[in-house]
**Student:** 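Provided herewith is a single structure, encoded as structure tokens, for subsequent inquiry.
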Amino acid sequence: MTMWWQRTLKGRLGCRSIVADAETRFNRKGSTLFPAPSPRVEWGRDAVGRFWRQDPPDSPLVGSIGTPVSMRGPIAATERVGAGVDDVGIVVRHLRKRFGDYVALDDVSFEVPDGQLVGLLGPSGSGKSTVLRIIAGLEAPDFGTVELTGEDATTLPTRQRGVGFVFQHYALFRHMTVRQNIAFGLEVKKCPRTEIKKRVDELLDLVQLTPHAERYPSQLSGGQRQRVALARALAPRPRVLLLDEPFGALDAKVREELRAWLRKLHDEVHVTSLFVTHDQQEAFEVADQVVILHQGRVEQIGPPQELYERPATPFVTEFLGAVNLLRGEAIRNGRVMVQGVPTPASDPLVPSDAIGPFKVYVRPHDLEINRFGYADGLGNVTLNEGWRARVLKLVPMGSHVRVELVLADGTWIHVQTPRERQAELRLAPGEDVLVTPRNLKVFYESAPAHVPDYVI
Ligand SMILES: Nc1ncnc2c1ncn2[C@@H]1O[C@H](COP(=O)(O)OP(=O)(O)OP(=O)(O)O)[C@@H](O)[C@H]1O
């Protein structure tokens with residue numbers, strides 16, 4: 001029956017994701033849950049991830065755009081990486097995994113659009129490698145599904161998944177040359193010799209190791225070995241490429257070079273890739289989109305800049321770089337009371353009369369230090385607005401100065417001030433100043449766990 005549904009829907013719509021969804025619904029309920037749509041009906045997902053159906057105006061079927069048809073609940077907006085139903089390379093849905101009593105994954109769902117490089121970012125122990133291992137078939141989920149290029153792969157053995165895997169510790173064969181290592185997967189598949197040679201030459205060129213083809217791994221640098229590992233993973237033309245902290249064991253400079261190199265390489269080969277890292281900068285530099293994991297759950301998904309500018313939770317705000325945390329007392333007319341001062345908030349969605357306490361976050365480069373006021377020489381004095389603070393310490397950091405201050409209520413903050421601005425202000429420890437913020441991020445202090453509680 002399931003097969004019938006697959007065939008029917010595929011034939012009518014050519015739409016793999018809908019097929020997978022219909023199949024699950026069918027299996028769970030044991031009967032057809034929605035009528036077979038006519039070919040004129042269009043299907044897809046809306047901006048918040050719900051399935052929708054667009055019926056022609058004269059259709060006898062109920063439903064229109066925005067009509068959710070999934071019985072398992074929509075994939076939340078925070079779980080969506082990209083748009084489109086037909087162009088998905090990897091889909092994981094509702095993954096759960098326990099190790100004994102420990103919940104390693106708790107309902108993880110996301111999609112990797114075909115041909116994109118997506119970063120899976122999170123602190124140590126957040127479940128990143130477990131997700132990757134489940135996608136590769138090295139671990140079985142307790143619940144949930146894995147779909148690779150439209151095919152349900154949840155129970156497929158690893159070797160049938162068409163997955164290329166690159167680990168942190170390059171597992172190259174020490175007794176084989178670079179060429180033999182890259183050829184290994186193709187030899188196992190018993191590809192013709194001429195084809196193997198052609199593909200290996202191609203890959204040696206791609207990873208810029210042609211001159212080192214006859215070397216052994218011990219004769220290569222760490223970065224070169226990881227490039228061989230990548231070429232070896234790409235050799236059998238995998239459907240998807242999984243990279244688990246591939247540069248984790250390398251020193252900072254080599255990592256930086258390899259990041260740029262990987263991004264360039266991906267732009268050439270466009271293989272759907274999932275890249276695990278705990279390094280925010282690495283994820284942001286390399287990935288088209290980033291999935292942020294925390295304690296086995298997806299916190300937020302989006303392009304790097306969007307995550308940085310519009311973090312959905314306090315965790316994401318804190319995880320994505322240095323930030324000051326203050327207490328907000330109430331919000332009135334779009335201004336949040338911080339340090340007794342109504343301070344502009346950057347989003348019109350702020351409830352006009354919400355009562356705190358709120359967590360108020362502001363990045364060090366979004367704070368400006370000012371004197372209390374200035375005179376124009378004609379006897380007019382203009383007073384600045386901001387939070388009163390005392391300078392504690394100045395630390396030169398090259399292009400900027402890190403200024404540490406204490407606010408009137410004893411809260412410590414730090415500000416990143418351009419070197420030129422410090423040359424103007426000539427701040428010194430012990431001075432009283434005003435601090436003026438931009439881009440405040442405000443969250444309810446005690447939001448229910450895991451519910452995005454972003455209010456600004
Ligand atoms: N085979 C296992 N048996 C027991 N616990 C495990 C097993 N594999 C993973 N875990 C636990 O599950 C949690 C998630 O592990 P995972 O390796 O997926 O995290 P991670 O985000 O990749 O961390 P890291 O960045 O440190 O590699 C960790 O607390 C880990 O100890």
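Along the sequence shown, residues carry numbers from 1. For ligands, and for the atoms within them, numbers begin at 1 and follow the listed sequence.
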**Student:** Here's a test for you: under side-chain contact (heavy atoms from CB on, under 4.5 Å), which of Val91, Val92, Val240, Val88 qualifies with Leu148?
**Tutor:**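 With Leu148 as partner, side-chain contact (heavy atoms from CB on, under 4.5 Å) holds for just one option, Val240.
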
**Student:** Please report which non-hydrogen protein atom sits nearest to atom 26 (O) of ligand 1, along with the residue it belongs to and the distance in Å to one decimal place.
**Tutor:**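 Answer for atom 26 (O) of ligand 1: Ser124 OG, 2.6 Å.
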
**Student:** For atom 25 (O) of ligand 1, which candidate among Arg133, Arg98, Gln295, Lys128 provides the closest heavy atom?
**Tutor:**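 Nearest heavy atom to atom 25 (O) of ligand 1 lies in Lys128.
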
**Student:** To the nearest 0.1 Å, how far is atom 14 (C) of ligand 1 from its closest protein heavy atom, and which atom is that?
**Tutor:**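 For atom 14 (C) of ligand 1, the nearest protein heavy atom is Gly125 O, 3.6 Å.
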
**Student:** Under 4.0 Å between a Lys/Arg side-chain N and an Asp/Glu carboxylate O for Arg255 and Asp251?
**Tutor:** no

**Student:** Of the listed options (Leu120, Val103, Thr130), which comes nearest to atom 15 (O) of ligand 1 when hydrogens are ignored and any heavy atom counts?
**Tutor:** Thr130

**Student:** Protein non-hydrogen atoms only, distance under 4.0 Å: does atom 19 (O) of ligand 1 have such a neighbour?
**Tutor:**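 Flag for atom 19 (O) of ligand 1 set to true, protein heavy atom closer than 4.0 Å.
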
**Student:** Closest non-hydrogen protein atom to atom 11 (C) of ligand 1, residue and atom name please, with distance?
**Tutor:** Phe99 CD1, 3.9 Å

**Student:** Under a 4.0 Å N-O cut-off, is there an ion pair linking Glu285 with Arg263?
**Tutor:**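 Not counted as a salt bridge, because no side-chain N and carboxylate O are separated by less than 4.0 Å.
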
**Student:** Measure the distances from the heavy atoms of Gly122 to every atom of ligand 1 and state whether one is below 4.0 angstrom.
**Tutor:** no

**Student:** Could you pull out the closest heavy-atom pair between Leu405 and Ala389, with the gap in Å?
**Tutor:**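 Taking every non-hydrogen atom into account, CD2-CB, 3.9 Å.
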
**Student:** List the closest protein heavy-atom neighbour of atom 13 (C) of ligand 1: residue, atom name, distance to the nearest 0.1 Å.
**Tutor:**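 I find the closest protein heavy atom is Tyr102 CE2, 3.5 Å.
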
**Student:** Taking only heavy atoms of Ala104, which atoms of ligand 1 are found under 4.0 Å from at least one of them?
**Tutor:**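 What qualifies from ligand 1 is 12 (O).
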
**Student:** Show the nearest heavy-atom pair for residues Leu320 and Tyr308, with the distance to one decimal.
**Tutor:** O-CE1, 3.3 Å

**Student:** Among all protein heavy atoms, pick the one closest to atom 17 (O) of ligand 1 and tell me residue, atom and distance.
**Tutor:** Ser129 CB, 3.6 Å

**Student:** May I ask you to say whether Glu202 pairs ionically with Arg199, meaning some side-chain N is under 4.0 Å from a carboxylate O?
**Tutor:** yes

**Student:** Pull out every atom of ligand 1 sitting under 4.0 Å from any heavy atom of Pro123, numbered as shown with elements.
**Tutor:** 21 (O)

**Student:** Is the shortest distance from atom 2 (C) of ligand 1 to a protein heavy atom below 4.0 Å?
**Tutor:** yes

**Student:** Please determine, by modelled atom types, if Asp279 and Thr277 share a side-chain donor-acceptor pair under 3.5 angstrom.
**Tutor:** no

**Student:** Could you check whether Arg93 pairs with Asp107 (Lys NZ or Arg NE/NH1/NH2 to Asp/Glu carboxylate O, under 4.0 Å)?
**Tutor:**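 Here Arg93 does not pair with Asp107 in a salt bridge, since their nearest N and O are not under 4.0 Å apart.
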
